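All of these numbers come straight from a predicted model, not from anything done at the bench.
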Amino acid sequence: ISESAPLVNDVYVPVPVGADTAQIKNLALSNGGVLRFDSLGVLLVWGTEKLQNLGAVYLGYGTIIFKNKMTFHNGGVFNAGAGTLSFEGVTWESKSGSTFLPGTSTVVFNKSSDQSLIIDSTLDLTFHDLVMNTQGTVTIIGTVTVVNSCTIAEGCTLNIPTGSSLFVEGEFINNGTITGGGSYPPALPVEMTSFTVTSNRLDATLRWTTATEVNNFGFAVERRAVSV
């Protein structure tokens, strides 16, 4: 355990001021074992993490940073609360019978290495907020649902193979690249950056600018008479 935790300063997720920080090589929770975070607690896992046989993590407002493979086996429970999960070069594998409770947490993929989400076909892995901030490739195998916001940063590639899916119920910001034959939210055909109206006696002048246009045939302007 290190209060100053100099190794933690190398990651993108900020360590809260006054946080207690622990660093471990491997973590395995089973047979009812529980890892519970205090407010602002930070855990850096350099090796592997396994949750199985009623092993459980309660993240609360804490932060957990994974450097290697994380596996949820049958009976493993991860309650993310309002915490932050940061992944750096990680393979996340959720197997049948495991449970991930997203709460209002944020899941972040960092660094430049390729990473994978492997979800059993019986599961629909749900996140509250998902941020793909890596300069590598994030591959989703299975089904992922994001209920609040999903962001793909510039330079990031999201690979969704055929038969896999990403569903976003809230805001979807895609500044990266999506590959593969799977399902994902369609891009908006037009992204506007400004729209203004100025009057000139009986005329009105409309001006707008767009950031992107995909398969856009043009614009139709309509008007309606309003009685005074």
Side-chain angles (χ1 to χ4, degrees), residues 11-14 16 61 63 80 82-88 90 92 100 102-117 119 124-228:
V11 302
Y12 291 97
V13 172
Y61 289 90
T63 297
T84 300
L85 293 81
S86 174
F87 298 95
E88 302 179 9
V90 167
W92 172 330
F100 180 81
T104 58
S105 64
T106 300
V107 173
V108 185
F109 287 91
N110 283 319
K111 295 297 186 181
S112 59
S113 54
D114 295 342
Q115 311 191 55
S116 299
L117 277 166
I119 304 107
D124 180 350
L125 187 62
T126 300
F127 297 137
H128 186 265
D129 291 316
L130 175 61
V131 179
M132 286 168 272
N133 198 33
T134 176
Q135 295 300 294
T137 298
V138 177
T139 298
I140 293 177
I141 300 175
T143 301
V144 171
T145 299
V146 182
V147 298
N148 189 51
S149 68
C150 178
T151 301
I152 306 174
E154 184 177 356
C156 176
T157 298
L158 173 62
N159 177 37
I160 308 175
T162 300
S164 298
S165 302
L166 171 65
F167 299 104
V168 180
E169 298 175 358
E171 183 181 33
F172 182 55
I173 301 173
N174 178 19
N175 293 317
T177 302
I178 300 179
T179 62
S183 301
Y184 58 90
L188 293 175
V190 176
E191 292 182 276
M192 281 196 165
T193 56
S194 69
F195 187 93
T196 60
V197 180
T198 56
S199 62
N200 183 14
R201 296 185 179 180
L202 298 179
D203 297 326
T205 302
L206 311 181
R207 291 186 176 90
W208 64 86
T209 57
T210 61
T212 60
E213 296 183 34
V214 180
N215 296 328
N216 181 37
F217 182 75
F219 297 91
V221 178
E222 299 180 355
R223 68 176 182 176
R224 182 180 65 179
V226 178
S227 59
V228 179

Which label fits F127 and F100: parallel for a plane angle under 30°, tilted from 30 to 60°, or perpendicular past 60°?
perpendicular
Decide if atom CZ of F217 counts as having more than 12 heavy atoms of other residues, nucleotides or ligands within a radius under 6.0 Å.
no
Judged by atom type as modelled, is there a donor-acceptor pair below 3.5 Å linking the side chain of [X] to the main-chain atoms of [Y]?
X    : Y    : answer
Q115 : G136 : no
N148 : G170 : no
T134 : K111 : yes

Is there side-chain contact between D114 and T139, with at least one heavy-atom pair below 4.5 Å?
no
Shortest non-hydrogen contact from [X] toward [Y]:
X    : Y    : answer
T193 : T210 : OG1-N, 4.1 Å
G181 : T162 : CA-OG1, 3.5 Å
P102 : H128 : CB-N, 3.7 Å
I160 : S165 : CG2-N, 3.9 Å

Start with the C-alpha gap between T209 and S194, add the side-chain angles, then the distance that decides, and say whether side-chain hydrogen bond (donor to acceptor under 3.5 Å, both in side chains) holds.
CA-CA 5 Å; T209 57; S194 69; 2.7 Å; yes
In Å and rounded to the nearest 0.5 Å, what is the [atom1] to [atom2] distance from [X] to [Y]?
X    : Y    : atom1 : atom2 : result
I140 : W92  : CD1   : CH2   : 11.0 Å
L130 : T106 : CG    : OG1   : 9.5 Å
N133 : E88  : CG    : CD    : 10.5 Å
L166 : L117 : CG    : CG    : 10.0 Å
N174 : Y184 : CG    : OH    : 8.5 Å
D124 : T143 : CG    : OG1   : 5.5 Å

Which pairs pass side-chain hydrogen bond (donor to acceptor under 3.5 Å, both in side chains) with one or both residues in residues 149-158, sequence neighbours excluded?
D129-S149
Which pairs count as side-chain hydrogen bond (donor to acceptor under 3.5 Å, both in side chains) when at least one residue sits in residues 196-207, sequence neighbours excluded?
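Found none.
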